[in-house]
2 protein chains.
Amino acid sequence: MQDDDGAQLVRDGGSLYRRVAADLREAIAAGSYGSGGRLPAEGALAQRYGVSRGTIRQALAVLRSDGLVTSRRGTRRVVLGTARVQSFSELLSFTSWARSVGEEPGGAMESLVRRPADDRECEQLRLEPGAEVYVTLRLRTLSGRPVMIERTVYPPRVGELVAQLPADAVSHTELLLEHGIVFSDADHTIDLVHADTDDSRLLGCTAGEALLRERRRSTDPAGVPVEWSEDRYLPGTVAFTVHNSIAASALSRRHRPAPDPHSPDVTRG
Amino acid sequence: MQDDDGAQLVRDGGSLYRRVAADLREAIAAGSYGSGGRLPAEGALAQRYGVSRGTIRQALAVLRSDGLVTSRRGTRRVVLGTARVQSFSELLSFTSWARSVGEEPGGAMESLVRRPADDRECEQLRLEPGAEVYVTLRLRTLSGRPVMIERTVYPPRVGELVAQLPADAVSHTELLLEHGIVFSDADHTIDLVHADTDDSRLLGCTAGEALLRERRRSTDPAGVPVEWSEDRYLPGTVAFTVHNSIAASALSRRHRPAPDPHSPDVTRG
DNA sequence: TAGTGGTCTAGACCACATT
DNA sequence: ATGTGGTCTAGACCACTAA
């Protein structure tokens with residue numbers, strides 16, 4: 001909430017534009033501009049916050065990419081939604097997401113094996129042929145309820161660390177972060193798959209039942225792959241949401257080349 | 001592909017940074033920097049293209065949001081992927097997407113009714129209570145194969161135009177665009193649903209079979225809702241992909257509040 | 001220590017929407 | 001005609017990475 005002549009951005013955040021963005025986000029959430037209302041002009045905001053127009057534009061770019069406001073030449077920005085909470089870690093980490101929705105996350109390691117990587121895994125994790133990988137199978141729970149099965153393939157550097165974690169560790173992501181493994185980019189593919197025997201046994205569903213699948217390949221800030229994972233959710237426990245605008249989109253449909261059982265199931269580049 | 005001292009950006013696109021981005025994208029796709037390789041420094045690129053560093057940074061922001069390159073302080077940018085094609089329209093329009101993957105899109109209008117909007121629809125389309133809406137049910141096909149059922153609710157202004165389209169019109173989005181209806185922002189929710197009798201009849205699947213569902217609310221550049229749609233895909237015909245980075249994300253998980261049959265099925269804000 | 005990307009400024013001109 | 005956001009420039013300083 002900013003003042004009339006406000007210049008106090010007492011907020012915590014690091015850079016100036018982030019603090020401005022956080023302040024504007026709060027004001028929008030508080031309904032200061034109404035849903036469908038208009039934001040002040042960039043110049044006015046610059047004056048109010050005592051920063052340059054460039055910094056204001058940087059802050060507004062954040063809100064735009066979050067789907068909070070529109071932007072087009074000639075008119076003031078329009079407020080699209082009143083709130084929206086989403087962070088990178090919430091999508092990447094089951095634990096982080098569970099906590100953000102007020103549920104108690106759990107994770108039980110069902111198996112962890114070390115074995116040579118197959119061709120697919122070498123390609124995805126950018127490993128030399130013959131390299132070894134660590135493969136985990138975990139049951140994830142929300143407040144004790146089984147919700148998701150997680151199969152993850154780690155490259156050696158990361159897998160060695162994972163192998164040392166306790167079997168009931170809740171958040172691998174957070175523990176790996178403490179060891180200097182940073183997740184910074186990820187590609188996700190969402191589709192539908194049918195439960196196999198492991199799935200049905202652990203999730204308590206019938207074999208062949210449809211599950212929502214999310215596959216993901218994550219890299220560190222240097223672009224080096226750190227995990228390749230396949231998560232299978234019980235129906236009704238989760239939905240994925242995305243916002244895109246004509247200005248900047250991140251999501252796309254991926255085609256499954258129809259009745260052609262020859263090629264392997266490759267929906268990830 | 002840029003030259004050693006290149007300054008020729010003969011490309012079509014409008015703004016300078018877009019042409020630079022397109023040029024860099026091509027160079028990356030051509031493998032000029034290798035996968036996992038490093039881009040030249042911003043300053044070097046600025047000199048090469050004869051533009052300011054700010055413009056280069058604008059171009060690189062495009063590539064970063066497409067998941068093509070990383071970026072972190074202290075090091076040159078790293079190439080993440082070699083290619084990635086995705087546009088806003090591909091996600092929004094079944095027709096546009098189908099064409100981009102080389103399939104022949106089709107659409108058959110099964111029904112179109114005009115009726116008063118319910119509370120949910122008024123809220124989603126930001127209409128006054130008692131306003132009327134146009135509701136369509138369409139079967140979408142790829143090269144003749146049934147693939148998806150599309151249920152769309154339009155506000156009056158848009159619905160009146162839709163009602164005048166031929167029943168076998170392939171792309172409503174494109175035809176509406178010719179009438180000045182522009183889709184510029186959309187919120188998507190992806191989850192799993194079971195086929196009802198309409199679904200099974202039109203898609204040729206068994207009732208109760210699991211389908212991949214995408215719900216979407218789209219607005220025009222002024223933030224005014226122009227459609228609220230629910231699409232149901234046959235399993236195996238489509239997968240949704242998304243890229244996100246610690247810098248900017250657009251996707252999130254949405255929680256389904258578990259065994260509580262009281263509250264209506266609201267997974268969209 | 002040198003090089004890199006991240007942030008911020010101040011100013012300019014243009015394309016577009018609205019009046 | 002006015003005001004708005006979009007684009008572009010030139011320069012500055014800082015935080016971080018890597019040698």
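Computed over heavy atoms, backbone and side chain alike; hydrogens, waters and symmetry mates excluded. By convention in this document, chain letters (A, B, ...) are assigned in the order of the sequence lines, proteins followed by strands, and residues within each chain are numbered from 1.
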*Asks:* Over how many whole Å does the gap from B:Leu16 atom CG to C:dC14 atom P extend?
*Replies:*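 Rounded to the whole Å, the gap is 15 Å.
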*Asks:* With the threshold set at 4.0 Å, does a side-chain nitrogen-carboxylate oxygen contact exist between B:Glu132 and B:Arg157?
*Replies:*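 So B:Glu132 does not pair with B:Arg157 through a salt bridge.
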*Asks:* Establish, with yes or no, whether the OP1 or OP2 oxygen of C:dT7 is under 4.0 angstrom from a side-chain nitrogen or oxygen of A:Ser15.
*Replies:*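 So the side chain of A:Ser15 is within the cut-off, an N or O lying under 4.0 Å from OP1 or OP2 of C:dT7.
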*Asks:* When you check the phosphate oxygens OP1 and OP2 of C:dG5, does a side-chain N or O of B:Arg72 lie under 4.0 Å from one of them?
*Replies:*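 No, because none of the side-chain N or O atoms of B:Arg72 sits under 4.0 Å from OP1 or OP2 of C:dG5.
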*Asks:* Just the rounded figure in Å: distance from P of C:dG6 to CG of B:Leu39.
*Replies:*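 Spelled out: CG on B:Leu39 to P on C:dG6 is 12 Å.
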*Asks:* I want to check one thing: is the phosphate of C:dT7, taken as OP1 and OP2, less than 4.0 Å away from some side-chain N or O of A:Thr55?
*Replies:*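 For A:Thr55, the contact criterion (side-chain N or O under 4.0 Å from OP1 or OP2 of C:dT7) is not met.
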*Asks:* Distance check needed: D:dA15 C1' versus A:Tyr17 OH, whole Å only.
*Replies:*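 Answer to the nearest Å: 14 Å.
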*Asks:* To the nearest angstrom, how far is B:Arg19 atom CZ from D:dC8 atom C1'?
*Replies:*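 Checked: the CZ to C1' distance equals 12 Å.
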*Asks:* How close or far is atom P of C:dC8 from atom CG of A:Leu60, stated in whole angstroms?
*Replies:*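 Checked: the CG to P distance equals 14 Å.
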*Asks:* Quick one: is C:dT4 close enough that its OP1 or OP2 comes under 4.0 Å of any side-chain N or O from B:Arg76?
*Replies:*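 Affirmative; the distance criterion is met.
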*Asks:* Out of C:dG6, C:dT9, D:dG5, which has the shortest distance to the side chain of A:Glu42?
*Replies:*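 The closest nucleotide is D:dG5.
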*Asks:* With heavy atoms under 4.0 Å as the rule, sort A:Arg77 into base, sugar-phosphate or nothing.
*Replies:*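 Sugar-phosphate contact only - A:Arg77 comes under 4.0 Å of backbone atoms but never of a base.
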*Asks:* Below 4.0 angstrom, N of the basic side chain to O of the carboxylate: do B:Arg216 and B:Glu230 qualify?
*Replies:*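 Salt bridge: no.
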*Asks:* What's the CZ-P distance between B:Arg38 and C:dG3, to the nearest Å?
*Replies:*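 Atom CZ in B:Arg38 sits about 16 Å away from atom P in C:dG3.
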*Asks:* OP1 or OP2 of C:dG5 sitting under 4.0 Å from any side-chain N/O of B:Ser71?
*Replies:*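 No, B:Ser71 has no side-chain N/O under 4.0 Å of OP1/OP2 on C:dG5.
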*Asks:* Using whole Å, report how far CZ of B:Arg53 lies from C1' of C:dT9.
*Replies:*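 My rounded result for the distance is 13 Å.
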*Asks:* What is the distance, rounded to the nearest whole Å, between atom CD of B:Gln47 and atom C1' of D:dA10?
*Replies:*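 Taking CD of B:Gln47 and C1' of D:dA10, I get 14 Å after rounding.
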*Asks:* Nearest to the side chain of B:Gln58, heavy atoms from C-beta on, is which of D:dT7, C:dC8, D:dC16?
*Replies:*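 In terms of side-chain proximity for B:Gln58, the closest of D:dT7, C:dC8, D:dC16 is D:dT7.
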*Asks:* Would you mind telling me which residue lines up with the more 5' stretch of DNA chain C, A:Ile56 or A:Thr75, judged by nearest nucleotide?
*Replies:*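 The answer here is A:Ile56.
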*Asks:* Taking only the side-chain heavy atoms of B:Ala41 (C-beta and beyond), determine which of C:dT7, C:dT4, D:dG5 contains the nearest atom.
*Replies:*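 Looking only at side-chain atoms, B:Ala41 lies closest to C:dT4.
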*Asks:* I need the B:Glu121 CD to B:Trp228 CH2 distance, nearest 0.5 Å.
*Replies:*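 If we round to the nearest 0.5 Å, B:Glu121:CD and B:Trp228:CH2 are 6.0 Å apart.
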*Asks:* Under a 4.0 Å threshold between the charged nitrogen and the carboxylate oxygen, would A:Arg76 count as salt-bridged to A:Glu42?
*Replies:*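 Not counted as a salt bridge, because no side-chain N and carboxylate O are separated by less than 4.0 Å.
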*Asks:* Apply the test salt bridge (charged side-chain N to carboxylate O under 4.0 Å, His left out) to residues B:Glu227 and B:Arg217: give CA-CA distance (whole Å), side-chain angles for both, the deciding distance (0.1 Å), then the verdict.
*Replies:* CA-CA 6 Å; B:Glu227 69 158 358; B:Arg217 196 190 63 164; over 6 Å; no
